[in-house]
Asks: 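I am attaching a structure below and will ask some questions about it afterwards.
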Amino acid sequence: MAVQNYEENRCPARQDSHDKPLGQILLDEGKLSAAQLDEALSAQGERDERLGQILCRLGFVDREAVRQALAEQAGLPRVDVASCIIDPAALAAVPAEMAFRYKVLPLAVHNRTLSLAMADPFDRMAVQSLRVLTGRLIQRHYCPEAELLERSRRAYGSSVARMIAEMGAAPAPALGDEEQLTHQLQEMAREPSIVNLVNLVILEAIESRASDIHVEPFENDIRIKYRIDGILHETPPPPKQMQPAIVSRIKIMAGMNIAERFVPQDGHITFAAPKGKIDLRVATVPTVFGECVVMRLLDRATALIDMEGLGLSQTCMKQLAHLLDRPHGIVLVTGPTGSGKTTTLYAALNKIYTPEKKFITIEDPVEYQLDGINQMPVNRKRGLEFANGLRAIVRQDPDILMVGEIRDRETADIAIRSALTGHLVFSTLHTNDAPGAVTRLVDMGVEPYLLASSLEGVLAQRLVRTICPHCKAAHSPDAHLLRRIGRRLGNGTDGAFFQGRGCRHCRQTGYIGRVGIFEVLRITAAVRQTVAARGTIAEIVAAAGDDYRPMREDGFQKAAGGVTTLEEVLRVTQDTQTEEALT
């Protein structure tokens, strides 16, 4: 029986641990030294704080070690969920959405008791909620979080797909006046099944490392897609009749007007995920078959990384460090939407931040809050745009400015004049490569001599998918690709390439995660003369000489190092200026 199998995989807590203090348990297990324990106990005497919190704050142990020691101290058995056969009745008792939210896994049902594996067996809210939901007493067991979440994904399968399969078709709203229709949409959006489905869609997207969720209406169906590592992946579609309720539920969560269905709207959701709060930026647009919704997932933990985590090569890192040390001027980051420009700018600001200087940004919107940096959001409804916001910022006596994006000549002119008057200005621009930023600004109407005097450098970037480490294998690329790469890497590159075969970890794609590929154009004296003379992109590249290397070469180096594949590099760089030279 499932219960018997579960009982066989229990690991009872040691009987001699019940009366031991937490610090002694960690000390006996070798996770803490005597000196560290003494320091933590001294700190505990100075402030009213739990010992486990102090140990984590000081970095002596992680939360997982503290939870395990507390479970042992409380006599809660540890269960090996990897080898358990889970009782289907227990699995049916707890919805997948709640299981992932509270990081629990139902194991077995016995009479009026539900056996539950928990990543945090001391989460009172989880125990109380599940006791009310199931009407059973909760028998707690400890399981490390990583093991529990992995087993939960296998136990519940595709959570959204399972829930959609189990749900019946929701009735379509009846025709009537606008007030009646709005009331019906509100009622449908409050149905527990719709609430749980939308929550589960968001949770599954977070677990899948998605950056965006797309809800797209069509004539005969509604499609839900996750953008993972830059590529859209479609999930099993819900019934078409659920479209009004799903869209209305998302709009209610985002604080939008559900009565307005024929104009674009923007909203914001703060979602409580297992690993912390996630911000979602929501945008809707009307289409012929209903409203199309896109939710951008903004995870502070994954976005605020240091410069070393961006994937810059040593050469690019030195070039960028030189630009960040400039006392004034403009530094631009270019690339298409979703290429990581904001992440790079945040990393740069964190790198050079010092309380001795004043930092101010104007962004649309402020995606992540940076400690010690004043951030201003664009507010078009109240007339606050990049241009007039930047004009106001200059009067704040800043040292470092960041403009979210240069979109028009007025913003560009103010940024340039700020750079010429002693400010260091960072901004982004939508161009295909670094030299193209110069011609783009000139096309906007910026005077070439002003641009040549103020621009210090341009960093262009793309994001390439990295090979899945779980299914990575040696690979011989197409002969045509090898000929194209050989001219840049020299001899000895044959057999140095890899690809992912596809596995459950990478959703059979062969890729997990992304890393940046970069090119840096420093504005040297020769480049300044070319810019002032309205030089073409080819003339700017020629003036830069060997100091400038196209981002495709950076991508080729990462492919030769087994980080990504040649096919992926060519896919993301096919719109750059280097394409003609390679064909």
Asks: Could you check whether the rings of Tyr346 and Tyr368 sit parallel, tilted or perpendicular, using 30° and 60° as the cut-offs?
Replies: perpendicular

Asks: Under 6.0 Å from the ring centre and within 45 degrees of the ring axis: does the NZ or CZ of Arg101 meet both conditions for the six-membered ring of Phe271?
Replies: yes

Asks: Do Lys225 and His233 have side-chain heavy atoms sitting under 4.5 Å apart?
Replies: no

Asks: Salt bridge or not for Glu308 and Lys351, using N-O below 4.0 Å?
Replies: yes

Asks: Could you walk me through whether Leu297 and Asp212 satisfy the side-chain contact (heavy atoms from CB on, under 4.5 Å) test, starting with their C-alpha distance in whole Å, then the side-chain angles of each, then the deciding distance to 0.1 Å, before giving a yes or no?
Replies: CA-CA 6 Å; Leu297 280 67; Asp212 303 86; 5.8 Å; no

Asks: Does Asp325, at its CG atom, have more than 12 non-hydrogen atoms belonging to other residues, nucleotides or ligands within less than 6.0 Å?
Replies: yes

Asks: Do NZ/NE/NH1/NH2 and the carboxylate oxygens of Lys358 and Asp399 come within less than 4.0 Å?
Replies: no

Asks: Mind checking whether Thr361 and Leu349 have side chains closer than 4.5 Å, heavy atoms only?
Replies: yes

Asks: Tell me yes or no: between the side chains of Thr565 and Tyr511, is some donor less than 3.5 Å from an acceptor?
Replies: yes

Asks: Could you tell me whether the side chain of Thr466 and the main chain of Gly513 form a donor-acceptor pair under 3.5 Å?
Replies: yes

Asks: For Gln375 and Glu363, which I'm curious about, is there any donor-acceptor pair between the side chains at under 3.5 Å?
Replies: yes

Asks: Which atom names give the shortest non-hydrogen contact between Val201 and Tyr226, and what distance separates them?
Replies: O-OH, 3.3 Å

Asks: Listed by chain and number, what are the salt bridge (Lys or Arg N to Asp or Glu O under 4.0 Å) partners of Asp266, not counting sequence neighbours?
Replies: none

Asks: Check the pair Arg380 / Asp364 against salt bridge (charged side-chain N to carboxylate O under 4.0 Å, His left out), numbers first and verdict last.
Replies: CA-CA 10 Å; Arg380 292 184 177 82; Asp364 182 24; 2.8 Å; yes

Asks: Hey, does Glu367 have a side-chain heavy atom less than 4.5 Å from the side chain of Thr343?
Replies: no

Asks: Once salt bridge (Lys or Arg N to Asp or Glu O under 4.0 Å) is applied, do any residues pair with Arg440, and if so which ones, sequence neighbours excluded?
Replies: none

Asks: Considering all heavy atoms of both residues, which atom of Leu424 and which atom of Val331 are nearest to each other, and what is their separation?
Replies: CD1-CG2, 4.4 Å

Asks: Using a 4.5 Å cut-off on heavy atoms from C-beta on, say whether the side chain of Gln396 contacts that of Val394.
Replies: no

Asks: Give a yes or no on whether the backbone of Ser339 and the side-chain of Gln461 come within a donor-acceptor separation of less than 3.5 Å.
Replies: yes

Asks: In a check of side-chain contact (heavy atoms from CB on, under 4.5 Å) between Val293 and each of Val215, Ile213, Val285, which one passes?
Replies: Val215

Asks: Could you please spell out the steps behind the salt bridge (charged side-chain N to carboxylate O under 4.0 Å, His left out) verdict for Lys558 and Glu553?
Replies: CA-CA 9 Å; Lys558 288 183 169 66; Glu553 295 196 16; over 6 Å; no

Asks: Using the salt bridge (Lys or Arg N to Asp or Glu O under 4.0 Å) rule, pick out the option among Arg209, Arg507, Arg465 that qualifies with Asp229.
Replies: Arg209

Asks: Step by step, would you call Arg409 with Asp443 a salt bridge (charged side-chain N to carboxylate O under 4.0 Å, His left out)?
Replies: CA-CA 9 Å; Arg409 178 179 177 178; Asp443 289 341; over 6 Å; no

Asks: So does Ala283 get a backbone contact from the side chain of Arg296, meaning a donor-acceptor N/O pair under 3.5 Å?
Replies: no

Asks: Between Thr421 and His423, is the side-chain contact (heavy atoms from CB on, under 4.5 Å) condition met? List the steps.
Replies: CA-CA 6 Å; Thr421 54; His423 302 93; 3.4 Å; yes

Asks: Answer yes when Lys341 and Glu405 have at least one side-chain N-carboxylate O distance shorter than 4.0 Å, and no when they do not.
Replies: no

Asks: Verify the neighbour count for atom CZ of Arg382: are there more than 12 heavy atoms of other residues, nucleotides or ligands below 6.0 Å?
Replies: no

Asks: So for atom CZ, which belongs to Arg417, do other residues, nucleotides or ligands contribute more than 12 heavy atoms lying within a distance under 6.0 Å?
Replies: no

Asks: Is any NZ, NE, NH1 or NH2 atom of the basic residue among Arg67 and Glu145 found under 4.0 Å from an Asp or Glu carboxylate oxygen of the other?
Replies: yes

Asks: Is there a side-chain contact (heavy atoms from CB on, under 4.5 Å) between Ile250 and Val282 once you walk through the steps?
Replies: CA-CA 8 Å; Ile250 295 172; Val282 186; 4.0 Å; yes

Asks: How far apart are the C-alpha atoms of Val446 and Asp413, what are their side-chain angles, what is the distance that settles it, and do they pass the side-chain contact (heavy atoms from CB on, under 4.5 Å) test?
Replies: CA-CA 7 Å; Val446 175; Asp413 283 339; 4.2 Å; yes

Asks: State whether the side chain of Thr284 and the backbone N or O of Pro264 hold a donor-acceptor pair below 3.5 Å, judged by distance alone.
Replies: no

Asks: Between Arg391 and Glu385, is the closest basic N to carboxylate O distance under 4.0 Å?
Replies: no

Asks: Given 3.5 Å as the limit, does a donor-acceptor pair link the side chain of Arg227 with the main chain of Ala210, or not?
Replies: no

Asks: As a quick check of understanding, evaluate salt bridge (charged side-chain N to carboxylate O under 4.0 Å, His left out) for Arg522 and Glu456, giving each step before the final call.
Replies: CA-CA 6 Å; Arg522 291 196 303 151; Glu456 292 295 333; over 6 Å; no

Asks: Restricting to non-hydrogen atoms, name the atom on Ile467 and the atom on Gly500 that form the minimum distance, rounded to 0.1 Å.
Replies: CG2-N, 3.6 Å

Asks: Minimum heavy-atom separation for Ser208 and Ile228, please, with both atom names.
Replies: O-CG2, 3.5 Å

Asks: Can you see which heavy atom on Gly535 is nearest to which on Glu539, and at what distance?
Replies: CA-OE1, 3.0 Å

Asks: Could you tell me which non-hydrogen atom of Val520 sits nearest to which non-hydrogen atom of Tyr548, and how far apart they are?
Replies: O-CD1, 3.6 Å

Asks: Between Ser454 and Leu450 (side chain of the first, backbone of the second, donor and acceptor by atom type, cut-off under 3.5 Å), is there such a pair?
Replies: yes

